[in-house]
Amino acid sequence: MYLVTAQEMRDLESYTINQLGIPGHVLMESAGRAVVDQIVKRFPNPKRVVVLAGTGNNGGDGFVVARWLAFRGWEVDLWLIGSAVKLTSDAKLYYHACEQLLSIHHAEKESEASLQAHLMMCDVIVDAMLGIGYSGMLREPFTSIVQWINQHAESYIFAVDMPTGVEADKGHVFPVALRVDETITFNCPKWGHYLLPGSKYCGKLKVVDIGITPAGHTKALTPNARLNDPNDWNMYLGGRKQWAHKGTYGHVLIIGGAKGTLGAVAMAGEAAYRMGSGLVTLTVPESQHEALAAKVTQEMIWSWPGKDHFLPEIAEELKTAFQRYDAVVCGPGLGRFPGEVRFIKEILQTVKRPLVLDADALNILAEHPHLMQFRANDCPTILTPHPGEMARLLRITTEEVERKRAAVALQLAYQTRSVVILKGRYTIIAFPDGKRVVNTTGSPALAKAGSGDILSGIIGSLLAQEIPVESAIQIAVYIHGRLGEEVDAHSALYRDLLDHIASIRQLLEPTNSPGN
Ligand SMILES: NC(=O)C1=CN([C@@H]2O[C@H](COP(=O)(O)OP(=O)(O)OC[C@H]3O[C@@H](n4cnc5c(N)ncnc54)[C@H](O)[C@@H]3O)[C@@H](O)[C@H]2O)[C@H](O)CC1
Ligand SMILES: [K+]
């Protein structure tokens with residue numbers, strides 16, 4: 001499913017109106033009806049509702065909602081927030097229809113106390129004040145109304161398209177937005193539903209069709225962003241081939257594991273096996289070989305000569321060794337050590353297969369950005385920063401990363417010619433060709449040491465299985481998020497997450513896919 005900006009939505013709407021000849025008020029009627037369908041799904045029996053309508057087309061949808069809820073026997077208090085002379089022409093049509101049915105309250109003319117009394121008495125509030133047309137600093141009277149509802153109202157709140165105060169493109173909130181239980185949006189989700197802080201205000205998001213041309217219908221109407229959707233890649237998750245040998249599903253190399261953080265390579269290795277790899281090799285400095293050997297069972301170990309520091313003389317040996325693997329992950333528990341810059345340079349230069357850089361490999365890259373020049377353009381590189389690592393890579397603050405997640409992920413993808421996976425609630429995947437994918441799976445269980453190591457192991461495994469890079473990454477991020485949803489958010493250990501890989505993978509496999 002595509003993810004759109006307000007302008008892309010307007011383009012789709014005007015194509016529908018101007019090229020296809022469907023009048024705007026028909027779309028508005030469908031929008032309002034679709035919202036009513038969702039409301040009565042949640043509340044099958046008539047209730048008391050306050051509909052708050054602005055003067056733009058979002059308000060227009062609100063008038064349609066008010067009319068249809070009244071027809072269905074609901075007790076409707078309809079409030080116009082703003083001056084009736086400002087109503088758009090489509091909104092005016094439905095405003096007048098409502099005038100025949102209901103007595104419309106005008107916030108301009110009535111006291112705040114009267115609106116507040118209605119808001120206290122109702123079961124449901126419909127927020128049709130502002131939608132995708134809102135931008136900048138939220139003005140009065142919206143600020144006061146929103147603040148009051150957030151603090152006092154106990155009713156169930158539906159937002160039409162966007163919660164009032166959430167900006168559609170960047171998810172900005174200046175200074176307040178309405179916290180709602182459900183947001184019903186039209187045709188496509190908007191960026192603001194998934195970016196912080198806006199995403200925290202939206203509640204459950206429902207996307208409904210209202211007759212607007214679907215995104216992607218023509219090249220000119222094809223947005224560059226999508227939600228991570230299994231239908232885009234589940235064809236790569238077929239059954240295991242009957243005649244497979246251990247080389248069939250690829251050999252992954254995981255480089256990391258300094259003293260004190262050996263567990264990271266071990267976890268990444270286990271995740272790679274669970275995701276289907278036939279062979280997994282872990283690489284640590286020679287000094288850690290025995291400690292790691294005592295820890296792991298199924299993984300092979302190849303240690304680079306050196307006593308926790310990398311000597312340039314070893315470069316040749318590394319070059320030969322790296323040729324053996326189908327995908328390489330560098331970073332889990334890597335630590336910092338003398339010779340690290342040369343070490344990363346050799347990896348970037350020598351590994352011709354897909355390469356995932358994680359954890360300290362990213363921190364080394366942050367301090368030595370010139371290293372990326374050693375990576376050939378045609379060798380896929382994947383960077384998996386969390387917001388802190390991203391901040392170091394771009395030399396900005398973590399707050400800035402969180403405020404501009406979608407933009408900074410793309411910036412780093414362009415700068416490094418790499419695929420960037422910016423982790424966090426709604427992980428963003430940015431590709432160097434400008435495409436972006438927003439992942440919706442996940443839970444706070446993943447906010448724990450080991451989670452990133454598991455993700456990099458899963459990515460490495462899928463890449464070594466020669467699944468195309470774009471799909472492998474989306475599969476990995478999606479499954480990793482689903483693992484978090486399956487376990488107890490507080491107590492889960494890494495192995496609890498790994499225990500769910502099999503069942504989640506099976507659920508995602510296209511039906512009746514026999515191994516061959
Ligand atoms: N294309 C579709 O998906 C359809 C959308 N519909 C609905 O229409 C709105 C968008 O309508 P629009 O008239 O463009 O904008 P809004 O009603 O969201 O907002 C305009 C309104 O907002 C005021 N405003 C702007 N900034 C601020 C601010 N900072 N503070 C206060 N007020 C502000 C501005 O003055 C205008 O009055 C979309 O969301 C859908 O709900 C159609 O009904 C169907 C097709
Ligand atoms: K709204």
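What you see below is based on every heavy atom in this structure, not just the backbone, and it leaves out hydrogens, waters and symmetry mates. When a ligand or atom number is given, it counts from 1 through the structure's own listing order. Note that this is a predicted model, so its numbers are computed, not measured.
- Taking only nitrogen or oxygen atoms, main chain and side chain alike, I132 reaches within less than 3.5 Å of ligand 1.
- No N or O atom of F186 sits closer than 3.5 Å to an N or O atom of ligand 1.
- At a 3.5 angstrom cut-off on N or O pairs, M137 counts as close to ligand 1.
- For the residue pair D358 and G452, the shortest heavy atom distance occurs at OD2-O, 3.8 Å.
- For atom 12 (P) of ligand 1, the nearest protein heavy atom (residue, atom name, distance) is N57 N, 3.8 Å.
- Numbered from 1 in the order shown, with element, the atoms of ligand 1 that lie under 4.0 Å from a heavy atom of G131 read 16 (P), 18 (O), 39 (O).
- Between R10 and ligand 1, no pair of N/O atoms sits closer than 3.5 Å.
- Checked against a 3.5 angstrom limit, the closest N/O atoms of T88 and ligand 1 fall outside it.
- In terms of N/O distances under 3.5 Å, ligand 1 is not approached by I212.
- If you number the atoms of ligand 1 from 1 as listed, the ones under 4.0 Å from a heavy atom of M28 come out as 43 (O).
- When hydrogens are left out, the protein atom nearest atom 30 (N) of ligand 1 is R139 N, 3.0 Å; that is the closest non-hydrogen contact.
- Heavy atoms only, all atoms of each residue included: R505 and Y236 are closest at NH2-O, 4.5 Å.
- Protein heavy atoms come within 4.0 Å of atom 33 (C) of ligand 1.
- Among all protein heavy atoms, the one lying closest to atom 25 (C) of ligand 1 is G133 O, 3.6 Å.
- D161 OD2, 2.6 Å is the protein heavy atom nearest to atom 39 (O) of ligand 1.
- The K ion (ligand 2) has no N, O or S atom of M129 under 3.4 Å away, backbone or side chain.
- From E99, atom CD reaches atom CD1 of I104 across 5.0 Å, with rounding to the nearest 0.5 Å.
- Residue Y134 approaches ligand 1 through these ligand atoms, each under 4.0 Å from one of its heavy atoms: 25 (C), 26 (N), 27 (C), 28 (C), 29 (N).
- The closest protein non-hydrogen atom to atom 4 (C) of ligand 1 is E13 OE2, 3.5 Å.
- Angle subtended at the K ion (ligand 2) by D127 O and V160 O: 90°, rounded to 10 degrees.
- Salt bridge D181/R42: absent, no basic N to carboxylate O contact under 4.0 Å.
- At a threshold of 4.5 Å between non-hydrogen side-chain atoms, the residues L12 and N187 count as touching.
- The atoms of ligand 1 that sit less than 4.0 Å from any heavy atom of S135 are 26 (N), 27 (C), 28 (C), 29 (N).
- Distances from atom 36 (C) of ligand 1 to the protein include no heavy-atom value under 4.0 Å.
- Distances below 4.0 Å separate heavy atoms of T55 from the following atoms of ligand 1: 37 (O).
- A heavy-atom distance below 4.5 Å is not found between the side chains of M390 and K423.
- Inspection of the Q7 and D11 side chains reveals an N or O donor paired with an N or O acceptor under 3.5 Å.
- Ring to ring, F43 and Y156 are close: their centroids are under 6.0 angstrom apart.
- Counting backbone and side-chain atoms alike, L130 contributes an N/O/S atom closer than 3.4 Å to the K ion (ligand 2).
- Between L87 and L80 the shortest side-chain heavy-atom distance falls below 4.5 Å.
- In this pair, Y478 and W233 present their aromatic rings perpendicular. The plane angle is above 60°, beyond the 30 to 60° band.
- Take the K ion (ligand 2) as the corner point: the lines to O of M162 and to OD1 of N58 open at 140°, to the nearest 10 degrees.
- Close approach to G56 involves these atoms of ligand 1, each under 4.0 Å from a residue heavy atom: 13 (O), 17 (O).
- For the atom pair CE of M9 and NZ of K190, the computed distance is 5.0 Å after rounding to the nearest 0.5 Å.
- Going from atom OG of S456 over to atom CG of L357 covers 10.5 Å, rounded to the nearest 0.5 Å.
- Note: T5 OG1 to K170 NZ = 9.5 Å, rounded to the nearest 0.5 Å.
- L130 CD2, 3.9 Å is the protein heavy atom nearest to atom 21 (C) of ligand 1.
- Salt bridge R67/E29: present, at least one basic N to carboxylate O contact under 4.0 Å.
- Note on ring orientation: taking the six-membered ring where Trp is involved, the planes of H106 and Y95 are perpendicular (angle over 60°, cut-offs 30° and 60°).
- Of the protein's non-hydrogen atoms, the one nearest atom 6 (N) of ligand 1 is D61 OD2, 3.7 Å.
- What sits closest to atom 17 (O) of ligand 1 on the protein, heavy atoms only, is N58 N, 3.0 Å.
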